[in-house]
Structure formats: C-alpha cells, structure tokens
Amino acid sequence: MTETTYSATIAATLAEAMRADGRVVVFGEDVALGGPYLTTKGLAEEFGTERVVNTPISEAAICGVAIGAAQSGLRPVVEIMFIDFIDLAMDQLVNGAAKAHFMSGGQLAVPMVLRTQGGAGQRAAAQHSQSLESWLTHVPGLKVVMPSSAREVAALLPTALADPNPVVVVESKTLYFRRETLPDGGVVPEPLGRARVLRQGGDVTIVATSRMVHEALEAAAELEGAGIQAEVIDPRTLVPLDLPTIAASVARTGRLVVAHEAVRQGGFGAEIVAQVQEACFWDLDAPIARVGAPFTPVPLSPVLEDAYLPGAAEILDGVRSVLR
Amino acid sequence: MGTDADGAGALDASIARRLLVTMWRIRAFEERLEPLKRSSMVHGLTHLSIGQEGVAAGVCTQLADDETVYSNHRADGHALAKGVDMGRLLAELMGRSGGCCRGLGGSMHVVDVSHGFLGATGVVGGNLPFAVGSAFAGRLLGRGGVVVVFFGDGAAQAGIFAETLNLASLWEVPVVFVCENNGFAEFTPRSAHTRVERVSDLAAPFHVAAATLDGNDVAEVYRVFQGVLGEARAGRGPFLLECLTERLSGHYVGDPGGYRAALEDEAWRARDPIQRLVRQAAARGWFDEEASHAAEAAAREEVEAAVAFASASPFPDPALPAELTYAG
Ligand SMILES: Cc1ncc(C[n+]2csc(CCOP(=O)(O)OP(=O)(O)O)c2C)c(N)n1
Ligand SMILES: [Mg+2]
C-alpha cells in the first residue's frame, strides 16, 4: 500500500500520461510552479516549460488555445484554478470545444481535459467556493467527471486523458490533502460512465458526489448503528451517467437520497431524481430526498458557512424523510 | 481606396488569372446564394462577402492544404479560396448529407479538414485563440505550419481578441491575424463602437507587427501577405494584417438595411476588387475584359453544377445528431 493524497495523485497521473505520450501538454496559471494546490508539482521540472505552460490570467484564451491545439494533434490539459472562473472560459468550452466534432460532421475532435476544482468549507467566500458542475452537464458534447478520492483520480483521470472528447474534471479543494492509501500495483484505469457502489445495503440508496461521498459513508455508518443498511453509490461521472447501477439499487431499496454540495435548485441531483423516477417510479416507496446547499451564495463568516454546507447530518435528515 | 496605384508588381499573368478566377467563383457563388436563401433552399444566417473577395483570394490562394485557416461568420469566400469544394459547400449551406459537415454545421460552421479549413465560427472572435493553439501544436510536434485566422473589425472589440493577441505575441507563434475591416459590425459603424480607428493600432501595445492595406486591391493583399507568409513559414510571427474593405450587400441576406448610404455604381466600379484587377491586368497585358467575362461565365457554370449536386443530395439521417455528439 502507498500513502498518498488526491493532489499528489493528480500530479503523478499527469506525469505518467506525459511520459507515455508526448502530445500531452499542460496549460494554466502557475502550473509550471505546481499551482496553489500542488496538482502540477514537479511537471515542469520533468517535462520543461514547453509542455507545462504558465499562462497569463486569460481563462477564455487559455481554453481556446487548448481547443486549437487539440484540433491540431495535441492532447492538452487546461487547468482553471477555481471553477468559479470557468464562466470566463464558458464560450470557448460550450460553443467551441463541445460542438466542434458535431458541427464539423465528425471531422474535428477536441481531445482535451479541463481540470478545475470547486467546493466550499475553506472560508473562501462566494467567488471561490462554488459547485457549478450542473452548468457543464447541460451541454451536449462535454463529459463531466467528479473524482471523490485519490483512488478515483487514479482510476478516471487516465481515461479522461485518453478520451477523444472534451472532458471536464471537477476536483474538490477540500479533498486535495486528504490522506489515502492506494494499492501498490496502482489503480487500473476504468471507463467513464460507471458508478461505484461503495457500500451495499438494502434499506435505502444514497447517491452522492465528490466530497459528499465521504459524508454519505459517515451517515451510512451511523445508520448501521440504528439497524439501517444504506447503499452508497458514487456516480463518479455525471456525463455519461450510469443510470442502470443507480436504478438497480433503487429497485431493491425503494428509497433514494441524492446528495451534492451544489445548490439544490437546478443541481445535478434534480437530473438524477428525474431519471430515476422515469426508470423506476413504481419501485419507489417514498418521495426521493435531495440534499444540497441552500439557494444563496456561499457566505464568508465561519458560522454561516458551516450552516450553509451540507454534510452527513443533512444526509441523515434525508434518509429519515424517505424512511418515514 | 479607389486608386489603382497597386501592388500588381508582385503578380504575374498566371497568379493574376488565379486571383481573378477565385474572386469570380466567390462572387458568382454568393450572388446565387441570395436567391437560394430567399427561397429557403439555403438555411441559416447567410453573410455574403461580395465586395470583400480580394482579401480571401489574396490570402488563401497562397496557402497549401496543410496550412490552416480559421474563419468567421462571413466564411464562404475564405472556404472557396482555400479549396473547399463548391458543391459540398453549398450542400452544407442547404443542410444536406453531402455537405462538407454532413449538414450539421451550415454557413457559420464550415469545416473541411482535408483543405486545412478548420473552421468558421458563429461566435464573433470565438476562434481567435484556436489559431494560436493550432500553431503552438504545429511547433511542438515539429511539424511547423502557418495558421491564418480571419476576423472582422467588430471582433477587435471583444476581450478574447486582446487575450489572444497577447498570447500569440508572448509565444511568438506563426499566426497571421487577417482583419477584414469593412467599417461595420452588423448595422453599426465602427466609429460608434470604438475610438480606435485602425484595428492595426491595437497590435503595437502587444508588440505584434501589423500593417493596414487596401483590401479591395487584391494585388496589394497578395503582395503584403506574401511577405508575411514567408516570415511565418520560417516560424516567425505573429502578424496582423488589416485589410480595409467594403461589403456590398447587407450584413446578412434579408437585413433591414438603411443604415448606410448606398454606393454609387460609379464609385463601386472604381473599388470593386475584380474590376480593379482587370484594369491592372489589362495595363500589363496579362488579360483583358474578355478573359474576365470568360472567368465569370465559367464560375457561374460551376455554381449551377454545385446547385445541381447539392439539390440532389438527400437530407441527413435523423440518427446523425446523436451519432456525432461525441467522438469515439
Ligand atoms: C459573440 C457574438 N456577439 C454577437 C454576435 C452577432 N453578430 C454576428 S456578426 C456581428 C458583427 C460582426 O462584425 P465584424 O466582426 O466586423 O464582421 P463583419 O460582419 O463586418 O464581417 C454580430 C454582432 C455574434 N455572432 N457573436
Ligand atoms: Mg465589420
């Protein structure tokens, strides 16, 4: 077993991809210096600043450069330091990257990975704490991955890097330095679009993403003490979504709680709920519960941010409501 | 802009003929597009470049298939001049399966990878950075390669223009930014959008070499671009060429008009890039007006063949959109 972190696993996975394929290049602000979360640490030293390119604060152009580079044979990785700034690159991503293959009748491909991170809990306030992944899931042509652990980074980032489509990898700033042990032989890359059942149980299904996966596991442990067996599923990729795994679980448990850190309204949980009820409405024994943040910007004050952040307690409330 | 003091010295008879043919092909194609659009055979916003053909011809006829062009919403001329097949282009504009993008893109999204035409864009300024990325890729892969990106004067006021120019300069990529300054963005004159009269004035702060030239003088466009192209082929860049030009028709087919004074026939004849080339060629004994009529007739014939090809092409299979939303 090797002890590592989410952040170190990102750097190691990128380094491995860059060693194996000279077409992989990294663009972003301060990436040649490792970045604020050390996710590109060591890359410039090994691969040089021709391939690990520090860019000015030009999110739109960085993303556009990556698109052009991808259309001309490279496999760029772009880092947008905070998902809060992805809106600056949204035209490039949505009108450029996502549609090029389609609009060209299949002639062009944009094999790029856009890495970014979201999440609150670090007193970073409303412009550095958001969870905006549902914006991205609404755009045909993009794939959206949300690794919840170093293990999932190791399983999914190599696949994202090999994908012929633009893939957005939404990391979590609160997970970057969480300690984790990975098997010695490494983790075998896995296809996008497969959920992972992290814990089996027959009484209730909890579908959770990113940081909320850990909150769901904590809630499940507590429920076990009360004799309730929760099944915890991490979809891992929002687009494509592994509905069959989720629906099969709901068909057995009859009860579903969907949990994410993003604002509930318009969050990706709403999409999961809609798809589940289309697939197995008649298997449901209770209305589906949705756990997420309230419909306000993220507040700075610690007292307010703690109250804002959904966690295990809110998931337990959700479970209680579906078990009623 | 109306004088014939020109750059024809850079041409010879065969280059002049090629430019003439290219310009006539664009003009004949677009003159035919207008009725096709009005009768709903052609779909989507149709932005004609009649009057601006000298820029497309002067630039694209000098590029090889493996040299890359990105274009904007007014793209037909660039595409034809870069070698895109006229029949497949028209089929695309008509939403047919025989279109170069299988009917999924249309006029503002024309792509033909086999001719290095990596694409038009419907987002003003949206693909400017693609050109920088493409040139960056060519350099890193050891393949080199010049990239040209066409844009309008309106795009110069978009933030992405400044971001892109800065990166292009910082990385010294062999990109040629070709601005077609027709003085208007949609219905609004440039003076109402900015105090910067010349787009080329925006290049100096970024240390990008730039020139402003008469875009209605195809020989001049050819000459200036030839010099820049030589530099870019040697890996140097970026460059910005601002070609002053005029679009003769509306912003798009069916635009409400009335926002600018109509050009007198006489004034137009003086500025028309085709007529100017004919005068230059006659003065040098390369070809006469007869030859121009013959080139026009051949172009109109090619257009009719394109109309026949495109009209016979079936509409795409309903399964196509789902098939092509993702690659692989
Ligand atoms: C980002 C964006 N904003 C607005 C439009 C609508 N629009 C289409 S063309 C155009 C004017 C563009 O002017 P210019 O770049 O000078 O090109 P021209 O049409 O004169 O060739 C506008 C505003 C658009 N397509 N994209
Ligand atoms: Mg204009």
- Item | Crowding at CD, A/Glu16 (>12 non-hydrogen neighbours, <6.0 Å) | no
When rounded to the nearest 0.5 Å, the distance separating CD1 of B/Ile160 from OG of A/Ser58 is 8.0 Å
Main chain of A/Leu142, side chain of B/Tyr326: is a donor-acceptor contact present, judged purely on distance under 3.5 Å? yes
What one should report as the nearest heavy-atom pair of A/Gln92 and B/Pro129 is OE1-CG, 3.7 Å
*asked:* Using a 3.5 Å distance criterion without hydrogens, assess whether the side chain of A/Gln107 forms a donor-acceptor pair with backbone atoms of B/Cys100.
replied: yes
Point to revise | Residues B/Leu118, A/Ser72; criterion side-chain contact (heavy atoms from CB on, under 4.5 Å); working and verdict | key: CA-CA 9 Å; B/Leu118 293 202; A/Ser72 288; 3.9 Å; yes
Using a 6.0 Å cut-off, check whether atom CG of A/Leu33 has over 12 heavy atoms from anything other than its own residue. yes
Does the pair B/Thr68 and A/Gln71 meet the rule for a side-chain contact (heavy atoms from CB on, under 4.5 Å), with working shown?
-> CA-CA 11 Å; B/Thr68 298; A/Gln71 292 181 347; over 6 Å; no
Cut-off 4.5 Å, heavy atoms of chain A, and the answer for B/Pro316 is neither
Applying a strict 4.5 Å limit to non-hydrogen atoms, the region of A/Val110 in contact with chain B is neither
Cut-off 4.5 Å, heavy atoms of chain A, and the answer for B/Leu170 is side chain
In terms of heavy-atom pairs under 4.5 Å with chain B, the winner among A/Arg23, A/Glu50, A/Lys143, A/His101 is A/His101
If one checks every heavy atom of A/Lys99 against chain B at 4.5 Å, the contacting part turns out to be neither
Bottom line for B/Val123: the part with an atom under 4.5 Å from chain A's heavy atoms is side chain
Taken to the nearest 0.5 Å, the spacing of A/Leu74 CG from B/Arg139 CZ works out to 11.5 Å
Answer key: most heavy-atom pairs under 4.5 Å with chain A among B/Asn127, B/Asp112, B/Val110 is B/Asp112
Looking only at B/Glu163, B/Arg143, B/Arg102, most heavy-atom pairs under 4.5 Å shared with chain A are made by B/Glu163
* Decide if atom NZ of B/Lys37 counts as having more than 12 heavy atoms of other residues, nucleotides or ligands within a radius under 6.0 Å. => yes
So, the part of B/Leu140 with a heavy atom under 4.5 Å from chain A: the answer is side chain
Honestly, the part of A/Ala66 sitting under 4.5 Å from a heavy atom of chain B is neither
Note to self: Side chains of B/Leu167 and A/Pro56, heavy atoms from C-beta outward: is any pair under 4.5 Å?
What the structure shows: yes
Cut-off 4.5 Å, heavy atoms of chain A, and the answer for B/Asn166 is side chain
Between B/Thr325 and A/Pro140, the two heavy atoms sitting closest are CG2-CB, 3.8 Å
Review point. If you count the non-hydrogen atoms of other residues, nucleotides and ligands that lie under 6.0 Å from CD in A/Gln127, is the total more than 12?
Key: no
Inset, instruction - Verify the neighbour count for atom CZ of A/Arg194: are there more than 12 heavy atoms of other residues, nucleotides or ligands below 6.0 Å? - result: no
